[in-house]
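Below, read A as the first sequence line, B as the second, and so on, with proteins coming before strands; counting in each chain starts at 1.
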Amino acid sequence: MNLFSHFRDIVVAELQALDLPAGLDLSRVAVEPPRDPAHGDIATNAAMVLAKPAGLQPRALAERLAERLRRQSAVTAAEVAGPGFINLRLADGFWHARLAEILRIGPAYGDARIGGGRKVNVEYVSANPTGPMHVGHGRGAVLGDALAALLAKAGYEVTREYYLNDAGAQVEALAWSAYFRYLQALGAEIDETSFAAFQYQGDYLVPVGEALKATYGEHLAERGADGRLVGKPLDEWLQPVRDSTIAAMMALIRADLAMLGIEHDVFASERAIVESGAVDRALQTLDAAGLIYVGTLEPPKGKLPEDWEERPQTLFRSTQFGDDVDRPLKKSDGSWTYFAGDIAYHLDKYRRGFNEMVDVWGADHGGYVKRMQAAVTALTGGAARLDVKLCQLVSLFDKGVPVRMSKRAGTFVTLREVVDEVGKDVFRFVMLTRRNDQALDFDFAKVVEQSKDNPVFYVQYAHARARSVLRRAAETRPAATLTPESLASAPLARLTDPAELALIRHLAGWPRLVESAAEAHEPHRIAFYLQEVAALFHGLWNKGNDDASLRFLLDNAPALTEARLALVQAVAVVVASGLTVIGVTPAEEM
RNA sequence: GCGCCCUUAGCUCAGCGGAUAGAGCAGCCGCCUUCUAAGCGGCAGGUCGCAGGUUCGAUUCCUGCAGGGCGCGCCA
């Protein structure tokens, strides 16, 4: 249970019993942990928020409410403080009951219902299928995947989706590059400088060329009058080359994602959407609403593009929905812009039942957010909401020295190389040690360091230590006494040390953390929370070094030991639960 | 020129409209015959970029300004 919403219900009920003026807005009544733990276990601002509309003095109202709250059995003290806060202290027994709850519920502890089973679509990665993924893609992949798991834990029905950009000029350029590799594989005398369309020069297309040769032999090429192999006209090879190249690239990308433990439910094809006529239909909807017109845009002020010329374009009135300028839907050759396809795609998501959508993009797409949100609002009449999470840049370092990234110089660092080097767990955790909209420095040397400087190892170590105690306990006691059910009925009232109770309080905050992180779409909060839990646990552990009576395993005190094992087990449960949400494997030993 | 993001301790960063703003690192002082010292305790360190506004209350919301990053009509 989220104990804060539990007590909020109690506070609201007591307020209603106070015969205050009718029609008071209670929505701003908050029940939260006090910022300073010395103030108590739970604080509410109810009196301060309601005093004015109720025509009362905040502290007077607080006293009346506090008087009623003191009668709650779990409440040992209700003090009015500062401008009108009410600070509640809860009985140790209440916390012991939370501990038992954690053990009974196990890994599902923290599961919330705020999602109410509503469908939410999280679209992430969506990297162009033109080559291996880089580190920036990896950040978005981890964020999206962790957010999806978090929303699922919070009670949403989550679909993890990848928008496959398999239409447009880039994949055609990709096909040309693959075709070049194909001709090379056939032994054609052809060099890169004479092949202007050879844009994607990475080695990863060499096997694609080989595969095309194996499948098609020389059928996609022809021999000139002199018997030498040359290319055929575009329309005689484009489709098969493009399709098999995209398939090969997606296999590559999916393999990279699999390394990170990421698997999408749906791969939506841009080409399929365009070819199905969905774009025309979506734009007809907008047109019917008078949101499409042909007009001319002002040139950007300040820095005028070299080849600027005024020309009329088909535009979407995104300015009616908060965008800065109206946005083009058609290219000059009459084909749709990427934006037009994306409009149809988001309408498609809405039609599939998603009123809540999250897109995870790189920061370089920041200028695209307003128009996409404008389109979603326009298409759905405001029924659907699109949240866009922008991931700022990841900069690679090694021992503090920047790792230069240059495709041309061949020092392009792929996601695969990084994950091979540091491992899935380290990569995923580190990607969540910053808010998504904060730039992130990733230092190879630092993230594999095994010290408290490295939050991944710090948290893993806490879990491993907890498991180690439980293993040790299993050597001397019957297995039946160590099951979660058995530990839940241990004499938990024996846990009275302030450090033990502080740890239980923090563990009991997990359900609230899940809810607030899910509401804010901020999975990084889990990584920070786990560090706090780990710190409290390591601290408690070391108190046992200073004072042997505080150790978890005591030869002469079986009842107390049992209670402490329950606490250790709860730490393992919550840490494992949190790590699982962010996709990091809890370590059994280190 | 315009838009978006960022600005919190020497450094790297958390911080949900709430009270005396928190971690880690670096610095200083301590803790290992015994559950993992890959750890822990303590000390010191702040005009929350600047200026206004809203509010009982602003690091948090709004406006303006400054500095940094990203982007800016037929690329995706």
Side-chain angles (χ1 to χ4, degrees), chain A residues 28 30 32-36 38-39 43 45 48-49 51-52 58 81-85 87 126 128 130 165 167-171 270 296-305 308-311 313-315 323-339 341-342 362-370 390 392-393 433-439 441 446 449-455 457-458 460-462 464-465 468-469 471-473 512-513 516-517 519-520 522 524-525 527-528 531-532 535 538-546 548 551-554 564 568 589-590:
Chain A
R28 289 177 61 219
E32 299 172 318
R35 187 166 276 188
D36 184 347
H39 290 141
N45 62 356
M48 290 180 290
V49 174
K52 200 173 186 180
F85 287 100
N87 293 323
S126 298
N128 289 341
T130 51
N165 301 135
Q170 290 203 354
V171 285
E270 179 190 3
T296 308
L297 288 177
E298 298 272 315
K301 295 205 169 65
K303 192 186 64 182
L304 192 67
W308 177 267
E309 58 177 273
E310 276 203 355
R311 72 177 146 253
Q313 292 175 290
T314 302
L315 300 166
D323 202 357
D324 311 302
V325 290
D326 293 334
R327 302 295 181 176
L329 298 168
K330 265 187 186 177
K331 303 180 196 174
S332 56
D333 67 1
S335 64
W336 298 117
T337 59
Y338 181 81
F339 180 45
D342 222 355
D364 53 344
H365 292 59
Y368 200 78
V369 175
K370 279 187 182 174
L390 292 179
Q392 290 293 332
L393 296 185
T433 54
R434 291 282 184 283
R435 264 191 359 240
N436 59 286
D437 43 17
Q438 188 84 250
D441 289 345
K446 252 195 165 136
E449 193 175 292
Q450 305 199 347
S451 75
K452 85 175 297 197
D453 195 11
N454 181 352
F457 278 85
Y458 188 70
Q460 292 275 32
Y461 186 37
R465 267 186 157 172
S468 166
V469 171
R471 278 195 301 274
R472 179 67 69 107
R512 178 175 192 264
L513 193 279
S516 59
E519 265 167 7
E522 292 188 347
H524 75 272
R525 293 190 193 184
F528 285 92
Q531 291 178 67
E532 293 163 7
H538 287 311
L540 185 57
W541 180 288
N542 274 275
K543 287 189 83 169
N545 282 345
D546 299 335
R551 292 181 173 239
F552 303 116
L553 302 175
L554 300 170
R564 289 189 175 158
V568 171
E589 55 188 322
M590 302 178 71

Any [X] side-chain N or O less than 4.0 Å from OP1/OP2 of [N]:
| X | N | answer |
| --- | --- | --- |
| A/H365 | B/G3 | no |
| A/R472 | B/U36 | yes |
| A/R35 | B/C16 | no |
| A/Q438 | B/A14 | yes |
| A/K543 | B/C40 | no |
| A/S468 | B/U36 | yes |
| A/R435 | B/G15 | yes |
| A/Y458 | B/C40 | yes |

Check: A/Q170/A/N128 side-chain N/O donor and acceptor closer than 3.5 Å: yes

Ring geometry between A/Y368 and A/F339 (parallel below 30°, tilted from 30 to 60°, perpendicular above 60°):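 Because their plane-to-plane angle is over 60°, the rings of A/F339 and A/Y368 count as perpendicular.
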
Does [N] have a Watson-Crick or wobble mate here (both distances under 3.5 Å), and if so which one?
| N | answer |
| --- | --- |
| B/A21 | none |
| B/U36 | none |
| B/C72 | B/G1 |
| B/C48 | none |
| B/G41 | B/C29 |
| B/A9 | none |

Which residue lies more 5' along RNA chain B, comparing A/D441 with A/D546 via nearest heavy atoms: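 The residue whose closest nucleotide sits nearer the 5' end is A/D441.
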
First encountered from the 5' end of RNA chain B, between A/E310 and A/A167: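 Between the two, 5'-proximity favours A/E310.
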
pair A/W541-A/R551: side-chain heavy atoms closer than 4.5 Å: no

Nucleotide B/G3, atom P - distance to CG of A/D326 in whole Å: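 So the two atoms are 16 Å apart, to the nearest Å.
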
Spacing of A/R551 atom CZ relative to B/C40 atom C1', expressed in whole Å: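 One finds 13 Å between C1' of B/C40 and CZ of A/R551, rounded.
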
In B/C11, glycosidic geometry as syn within 90° of 0 or anti otherwise: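 B/C11: anti.
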
Between the base of [N] and the side chain of [X], is one N or O donor paired with an acceptor at under 3.5 angstrom?
| X | N | answer |
| --- | --- | --- |
| A/R434 | B/G24 | no |
| A/R525 | B/C16 | no |
| A/N45 | B/A19 | no |
| A/N542 | B/G41 | no |

Output field: ring centroids A/F85/A/H39 closer than 6.0 Å: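 For A/F85 and A/H39, the ring centres are not under 6.0 Å apart.
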
Check: A/D333 side chain, A/S335 main-chain N or O, donor-acceptor pair, under 3.5 Å: yes

Nearest-nucleotide pick for A/A43, side chain only, options being B/C35, B/U36, B/A19: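 Nucleotide nearest to A/A43's side chain: B/A19.
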
